[in-house]
Amino acid sequence: MSKRDYYEVLGIEKGASKDEIKKAYRKLARKYHPDVSEEENAADKFKEAKEAYEVLSDDQKRTQYDQFGHAGAQGQGGFGGAQDFGDFGGFGDIFDMFFGGGRRRDPNAPQQGADLQYTMTLDFEEAIFGKEADVNIPKEENCDTCSGSGAKPGTKTETCSHCQGSGQLNTEQNTPFGRVVNRRVCHHCNGTGKIIPEKCNTCGGAGKVKRNKSIHISIPKGIDEGHQIRVAGKGEPGINGGPPGDLFVVIQVRSHEFYEREGDHIYCELPVTYAQAALGDEVEVPTVHGKVMLTIPASTQTGKVFRLKGKGAPNVRGYGYGDQHVQIKVITPSSLTERQKELLREFNEIGGNESTDEQGSLFQRFKNAFKS
């Protein structure tokens, strides 16, 4: 049976770089290795990929193959059947690649502590103007009794004699394809590489205790729902002398009975009487920055929006202020005195139902609908 083209086997172009060749082989090795693959003929496919890699990863062998094909490969003494893994260094490395992609991290190396998250709820005005606050965060801290070692005062931790401090145990097995190294977490020290003969009575050997910690938070002006504040170094403490994690404060904002907010802009409805809308008026409008006077022109319709420039929320990054948008809502009285009813009837009789501009055209279209 004729051999397939090595480039076809690895699924690469003829001009592929060494990195591309290695990447293609690693992918096939993960897929077809007989000890992990359940595919039919996985061993043959793995051997084929390995043979192609050994030829194409070697400059001299690749040149011979490109010129003379498989005959050139055989002229070099053949490239199949070797029991090593080339630059992968044996099955220990290939299994590292299968089960984690690399060597296990030193359990005694410094590690950064975990980040914490805290949700803070603000009133509408607090989000607009910012505030300073102290919050109590439950977090882990190094045990004062044992200074974080987990050992009873006066005693010391010991290096695990089973894993020699590495935190992992290796099991070697010979297979028809070579030596397999299987690594697992040391169950004697739980992967820490250390044994504590006498545990601290305060923390039970954990080296850490839970406490409520008061942390000062500065809330910037203009912060909004869903924003986060990062407080560096206020997360969980580091491990083995590593740096602490960070605290992330997630902001929630209570709704307001009068205002609504979208970004830096604030929206509200302003109720006015029919007379104010028809005759015009100057009214007082509340804003988060204080009361301002708003001139309502005569014949103002319900739904009309006025803009109060710069009366919105401050931009949280310091880029000025948003605006406040005031929408007019004409209120129809729910109860009238006899005198009010009489005046309205008189108003209607002398043409109070006639109008001009948008309202007039609407009434005219309404009348025309009955003529058709």
Side-chain angles (χ1 to χ4, degrees), residues 92-93 95-122 131-173 180-220 227-252:
D93 287 336
F95 264 67
D96 277 340
M97 181 171 67
F98 291 151
F99 305 110
R103 303 224 178 247
R104 191 177 185 276
R105 181 172 56 185
D106 181 2
N108 299 314
Q111 300 176 37
Q112 184 173 15
D115 295 331
L116 294 175
Q117 179 175 296
Y118 176 80
T119 300
M120 176 180 286
T121 302
L122 303 175
K131 64 179 293 187
E132 301 291 321
D134 292 314
V135 297
N136 287 322
I137 307 291
K139 56 178 292 188
E140 286 187 339
E141 289 189 332
N142 286 333
C143 175
D144 294 332
T145 304
C146 64
S147 300
S149 69
K152 183 178 179 180
T155 67
K156 295 181 179 180
T157 60
E158 298 176 356
T159 300
C160 177
S161 59
H162 298 273
C163 64
Q164 307 303 318
S166 67
Q168 60 187 15
L169 296 174
N170 297 338
T171 302
E172 297 185 6
Q173 180 181 359
V180 176
V181 179
N182 182 26
R183 295 191 176 101
R184 67 180 188 275
V185 174
C186 178
H187 61 277
H188 298 281
C189 63
N190 294 320
T192 64
K194 297 178 181 179
I195 297 294
I196 305 176
E198 296 185 65
K199 295 181 179 179
C200 171
N201 293 329
T202 302
C203 65
K208 292 176 172 45
V209 292
K210 276 279 188 182
R211 291 196 182 100
N212 283 333
K213 185 74 174 179
S214 180
I215 298 176
H216 186 76
I217 310 293
S218 294
I219 310 298
H227 286 182
Q228 290 190 81
I229 301 172
R230 175 176 170 266
V231 187
K234 295 301 181 180
E236 300 286 19
I239 301 172
N240 297 327
D246 299 328
L247 170 66
F248 290 88
V249 181
V250 181
I251 298 298
Q252 292 183 348

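Throughout, residue positions are numbered sequentially from 1 according to the sequence presented.
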Side-chain heavy atoms of D246 within contact of F248, under 4.5 Å: yes
Spatial distance of atom CG (L169) from atom NE2 (H187) [nearest 0.5 Å]: 7.0 Å
Spacing of CD1 belonging to I196 relative to SG belonging to C200, to within rounding of 0.5 Å: 9.0 Å
OG-NZ distance between S149 and K199, expressed to the nearest 0.5 angstrom: 12.5 Å
List the atom pairs, donor and acceptor, that lie under 3.5 Å between side-chain atoms in residues 204-211 and the rest of the protein, sequence neighbours left out.
unit_1	atom_1	unit_2	atom_2	d
R211	NH1	E141	OE1	3.2
R211	NH2	D144	OD2	3.3

Side chain to side chain donor-acceptor pair (under 3.5 Å) partners of N212, counting only residues at least two apart: none
All side-chain contact (heavy atoms from CB on, under 4.5 Å) counterparts of T155, not counting sequence neighbours: A151, K152, E198
Main-chain N/O of G245 paired with Q112 side-chain donor or acceptor, under 3.5 Å: no
Separation of D115 CG from K234 NZ (nearest 0.5 Å): 14.0 Å
Flag side-chain contact, heavy atom, 4.5 Å: I251 against I229: yes
4.5 Å side-chain heavy-atom contact, E236 and K139: yes
Inter-residue atom distance I195.CD1 - T159.OG1, 0.5 Å rounding: 9.5 Å
Close side-chain approach of Q228 and V249, heavy atoms under 4.5 Å: no
Q168 side chain near C163 side chain, heavy-atom distance below 4.5 Å: no
Reported CG-to-NE2 distance for the pair D134 and H216, which is rounded to 0.5 angstrom: 6.0 Å
Close side-chain approach of C186 to H162, heavy-atom, < 4.5 Å: yes
Closest heavy-atom pair and its distance - N136, Y118: O-CE1, 4.3 Å
Test item: V250 and M120 side chains (from C-beta on) under 4.5 Å apart, heavy atoms: no
N190 side chain near V185 side chain, heavy-atom distance below 4.5 Å: no
